[in-house]
Amino acid sequence: MERYNFKTIESKWQKYWQENKSFKSSISKEKKFYCLEMFPYPSGKIHMGHVRNYAIGDVLARYKSLQGYNVLHPMGWDSFGMPAENAARQNNLNPKTWTEKNIQTMKSQLKQLGLSIDWDREISTCSPEYYKHQQKLFLDLYDKGLVYRKESYVNWDPVDKTVLANEQVVDGKGWRSGAVVERKKLNQWFFKISHFSEELLKDLDQLNDWPDKVKTMQKNWIGKSFGCEIDFPIEGSDKVNSIKCYTTRPDTLFGFSFLALSVDHPLSKFYENDPEFTKFKETCSKTGTTEESIAQAEKIGFKTNMLAINPLDKDNKVPVFFANFVLMDYGFGAVFGCPGHDQRDFDFAKKYKLKITTVVKPLNEDDNFVVDSEPHTGSGIMINSKFLNGLSVPEESISKTIKYLEENKLGNKKINYRLKDWGISRQRYWGCPIPIAYDENNNVVKIPEKDLPVALPNIEKINTDGNPLDTEDKWKSIIIDGKKCIRETDTLDTFVDSSWYFLRFCSSKNDDYPFNQEDINYWLPVDQYIGGIEHAILHLLYSRFFVRAIELENKTFNLKEPFKGLFTQGMVCHQTYKGKDNKWLNPDEVFSENGKDYFIKDRPKEIVKVGPSESMSKSKKNTIDPEKMIAEYGADSVRFFILSDSPPEKDIQWSDSGMNSSFKYIQKFWLLNEKIFLVLKDKKVNSNENIDLFVNQAIKKINFALEKFRYNVIIAMFHEIYSFFNKILETNLNYSNLKENYKKILITMLPVIPHLANECLEKINEKKEIKWPIINDKFIKNDKSNVVIQINGKKRAVISVDKGLGEKKILEQIKHDKLIDKYTNGKDIFKTIYVQDKILNLIIK
RNA sequence: GGGGCGAUGGCGGAAUUGGUAGACGCGUUGGUCUUAGGAACCAAUAUGGCAACAUGUGAAGGUUCGAGUCCUUUUCGCCCUACCA
């Protein structure tokens with residue numbers, strides 16, 4: 001018997017699938033299933049994370065297809081973005097060429113994995129065929145008032161003269177130049193996602209097939225809060241009469257001791273000529289934007305001459321500050337400070353020696369309670385607050401205060417959302433051009449639809465600072481309706497590209513429209529979306545926004561939620577290695593004889609420092625190259641392993657021994673198949689009931705695991721299946737029910753190891769019929785069942801009895817059992833609990 | 001500071017959802033075969049004990065005939081998020 005040659009077999013089937021367009025999908029009367037994995041960024045080569053993501057998706061797609069669903073399983077490329085531009089700057093490359101080459105490489109790698117993808121629907125977001133529709137959508141949204149332009153701050157690197165994304169700002173400095181990042185005000189485009197804040201929050205409840213974790217994250221991100229807006233009259237300024245604040249704690253108004261404004265508050269313009277203020281503002285902007293620096297940053301303020309008056313107590317006049325801890329983009333950029341009952345306000349008041357009035361006492365304190373070393377932020381009873389005294393906090397106090405404020409026209413109930421509008425302008429080259437121009441008076445002019453796409457000019461070498469499009473004078477100038485205009489040079493955030501690609505897949509070849517309504521109505525929503533948890537908020541929220549935005553005036557577009565089911569898979573991890581020089585080492589560069597001590601291959605005497613297992617990353621060099629693994633072990637082995645060791649939602653450790661064992665499994669299963677094939681040539685003898693029993697129960701377990709994404713359990717089942725059939729073969733008999741059962745098993749293997757399973761199946765499946773096996777209940781139910789005999793809840797014996805046997809009969813049967821006797825010790829049975837076919841619990845005293 | 005998830009053998013993990021804890025894999029140990037094996041096959045493998053048996057799902061309580069699973073308290077670990085008024 002020959003060893004399994006995965007190279008020839010795998011390429012045979014991949015060729016077959018390609019030539020027969022086995023995964024081509026089109027609208028039909030069948031029930032559909034849209035299976036989608038998050039499409040990759042073409043960074044160069046696929047990594048293990050992709051392998052895991054797409055292996056999980058492929059199992060599902062193939063399973064659903066075998067079940068008779070009409071499956072849509074497409075793939076594309078999220079191909080705009082900064083890595084291409086950075087690579088271009090660093091190596092003097094053309095981003096388009098770089099990207100296209102990567103796509104080619106990665107596509108061939110994905111094909112080697114044997115994925116059941118309908119490649120005819122492939123899309124690439126950087127192609128004009130794709131982004132011209134995106135530009136159309138942008139203009140549609142503009143017409144609906146969901147796109148607008150306003151001045152907003154960006155991170156500006158003064159040395160590189162470029163705009164930085166938040167994640168490129170490290171400790172307040174530019175990641176490449178190391179220069180202190182400035183805040184710069186630019187005119188930028190926004191999507192009005194806040195228009196849907198309430199809907200996006202409320203509709204999360206409908207998403208029953210989403211992980212709670214993701215829903216919670218989105219809920220927190222949207223950040224709905226119930227509070228009130230209050231006008232504070234101002235003294236000491238001829239410029240303003242009042243300042244508006246938002247608060248969720250109006251009940252603490254009698255503890256009012258200062259009012260703080262953001263340095264970006266509109267009132268700051270009156271202080272622009274004050275050098276002290278300018279200096280203060282500068283200090284604020286230098287405070288890093290990282291989490292740590294914010295948490296540690298001291299609260300500082302700039303005192304103005306203004307006094308704010310407590311609307312509930314005219315005698316209570318307090319100073320107005322500009323303060324570094326007040327954000328302009330939340331509420332009104334102004335807060336009323338109550339140091340007694342808020343940590344920040346407390347810190348600030350301590351520093352500037354402001355009055356601290358206690359207005360809430362904890363339940364277990366008396367009315368003389370005074371806030372001392374820390375604020376009391378919890379619940380309690382109102383004190384020192386005139387008409388509010390005695391109310392419970394927060395149940396009665398807040399609503400009563402708001403009612404009073406509203407009745408006296410001092411403030412209004414207000415619901416606030418943390419969710420901000422989505423800034424989509426990027427001062428970058430490698431993105432979708434914004435289809436807008438400006439006339440000589442700087443008025444916004446839409447690019448006419450007939451002129452779409454606004455194609456990116458081809459720039460061979462990117463070596464300018466800032467946005468390369470700014471210097472493309474020829475491209476920039478355009479005449480619209482006879483008027484000279486200048487194009488917008490910003491491009492769209494790449495999150496826009498991925499916010500509707502799942503729609504495009506349904507009509508990827510339709511040149512006239514972004515998508516065809518008939519296609520959308522049939523295929524959407526995506527039944528199962530699979531990807532990393534890192535997209536829990538932005539990508540998924542933006543996509544949810546997009547379908548709502550499209551639906552707003554498109555009456556035939558009847559879709560609220562793009563993704564019915566969501567599954568977030570865990571990461572692929574590997575140990576990390578460091579040499580003497582503290583430099584990271586790739587697993588390829590080290591070896592170990594005992595699995596504990598590692599040495600460097602080139603320098604076998606040098607011991608390697610082994611670090612904890614972490615998610616694979618280029619920077620830590622703890623990556624395993626999927627292509628190498630496929631070349632060495634074959635795609636089926638790799639798929640088998642990546643699904644075997646951990647449940648898909650959890651992190652998985654890459655291990656050589658695990659990979660090796662998966663490879664062995666594929667090999668030995670092939671040999672098993674050969675042996676079975678030989679046996680099947682012999683004369684049939686009587687059927688073997690055990691086979692029916694085992695196979696039907698196995699399929700039941702596999703079905704259950706498939707539905708619950710417990711793919712690691714399926715792999716365990718496959719091991720048991722191997723052992724079972726291997727044992728059957730020891731009899732060397734061709735049971736009449738062997739073939740039919742074995743065929744069923746092979747079909748259940750198709751989703752996981754499609755090459756091997758197809759190859760094995762081909763030999764015995766003369767009728768060429770492949771359908772997911774139906775369980776025969778007759779064989780699930782054995783005539784006999786094992787009943788556990790417990791005494792006082794402890795397992796003492798297991799007996800085999802006829803199914804459905806009554807309690808009395810069982811008691812009768814075990815009465816004379818010595819084992820039982822021993823435990824009952826002659827004592828009377830006080831009570832019995834019987835669960836049919838499962839358990840009999842005897843309670844004795 | 002806020003929120004979430006988790007804790008089961010030497011390791012990764014099973015447990016049909018309150019009913020035989022440790023499936024399956026890795027590792028380890030012993031054996032068979034072999035010139036050899038880091039190959040293949042067979043067997044053992046939660047802990048203590050020769051055994052009968054006892055103990056055992058981070059810890060402490062509770063509900064129950066029965067708890068890894070439900071409730072309360074607690075410890076530890078990981079992740080997300082954050083000056084959100």
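The chains referred to below are lettered A, B, ... by the order of the sequence lines, with proteins before strands, and numbering in each begins at 1. These numbers come from the heavy atoms of this one structure, side chains and all, not from hydrogens, waters or symmetry mates.
OP1 or OP2 of B/C84 has at least one side-chain nitrogen or oxygen of A/Arg344 nearer than 4.0 Å. One finds no side-chain N or O of A/Tyr246 lying less than 4.0 angstrom from the OP1 or OP2 phosphate oxygen of B/A85.
Partner of A/Phe348 under the ring-ring contact (aromatic ring centres under 6.0 Å, His included) criterion, out of A/Phe321, A/Phe336, A/Phe302: A/Phe321 alone.
Nucleotides B/U57 and B/A46 place their C1' atoms 11 Å apart, quoted to the nearest Å. Rounded to the nearest Å, the gap between the P atom of B/U47 and that of B/G56 is 16 Å.
Residues A/Trp221 and A/Gly331 both approach RNA chain B. Their nearest nucleotides, taken by heavy-atom distance, put A/Trp221 toward the 5′ side. Toward the 5' end of RNA chain B, the nearer of the two residues A/Asp212 and A/Arg249, judged by each one's closest nucleotide, is A/Asp212.
Rounding to whole angstrom units, CZ of residue A/Arg418 and C1' of B/C84 are separated by 7 Å. For A/Leu540 and B/C80, the CG to P distance is 16 Å, given to the nearest whole Å. As a whole-Å value, the separation of A/Asn220 CG from B/G2 P is 13 Å. Rounded to whole Å, the distance from CD1 on A/Ile222 to P on B/U81 is 15 Å. As rounded to whole Å, 13 Å separates atom C1' of B/A23 from atom CD1 of A/Ile721.
A 6.0 Å sphere centred on CG of A/Asp656 holds no more than 12 heavy atoms belonging to other residues, nucleotides or ligands.
Within the cation-pi definition used here (under 6.0 Å to the ring centroid, within 45° of the axis), A/Lys281 does not qualify as a partner of A/Phe322. Because its NZ or CZ atom is not both nearer than 6.0 Å to the ring centre of A/Trp670 and within 45° of the ring axis, A/Arg3 does not count as a cation-pi partner of that residue.
Taking the six-membered ring where the residue is Trp, the centroids of A/Phe669 and A/Phe718 are separated by 6.0 Å or more. Centroid-to-centroid, the aromatic rings of A/Phe232 and A/Phe256 come within less than 6.0 Å.
Taking the O4'-C1'-N9-C4 or O4'-C1'-N1-C2 dihedral as appropriate, B/U16 has a value more than 90° from 0 and is therefore anti. For B/G9, the glycosidic angle deviates from 0 by 90° or less, giving a syn base.
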Do nucleotides 9-19 of chain B as a string where each nucleotide becomes B, S or -: B if the base has a protein heavy atom under 4.0 Å, S if just the sugar-phosphate does, - if no protein is that close. ---SSSS-B-B
Distances under 3.5 Å between protein N/O atoms and the N/O atoms of nucleotides 38-45 of chain B, please, pair by pair.
{"unit_1": "B/A40", "atom_1": "OP1", "unit_2": "A/Lys664", "atom_2": "NZ", "d": "3.4"}

Return a table of donor-acceptor pairs under 3.5 angstrom between the side chains of residues 699-707 of chain A and protein atoms on other chains or two or more places apart.
{"unit_1": "A/Asn703", "atom_1": "OD1", "unit_2": "A/Trp772", "atom_2": "NE1", "d": "2.8"}
{"unit_1": "A/Glu707", "atom_1": "OE2", "unit_2": "A/Tyr63", "atom_2": "OH", "d": "2.8"}

Expected list for residues 657-664 of chain A: side-chain donor-acceptor pairs under 3.5 angstrom, two or more places apart:
{"unit_1": "A/Ser662", "atom_1": "OG", "unit_2": "A/Gly658", "atom_2": "O", "d": "3.1"}

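In this structure, A/Glu649 does not pair ionically with A/Lys213, as no charged nitrogen and carboxylate oxygen lie closer than 4.0 Å.
Taking every side-chain heavy atom of A/Ala716 into account, B/C24 is the closest of B/C84, B/G27, B/C24. Closest approach to the A/Lys299 side chain among B/C26, B/C83, B/G3 is made by B/C83 (side chain taken as heavy atoms from C-beta onward).
For the residue pair A/Asn712/A/Ser644, the side-chain donor-acceptor check at 3.5 Å is not satisfied.
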Dot-bracket summary - RNA chain B, pairs being Watson-Crick or G-U whose distances fall under 3.5 Å, with | when paired to another strand: (((((((..(((......[....)))((((((.......))))))(((....)))..(((((..]....))))))))))))....
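Every residue was checked against the side-chain hydrogen bond (donor to acceptor under 3.5 Å, both in side chains) condition with A/Glu229, not counting sequence neighbours, and none meets it.
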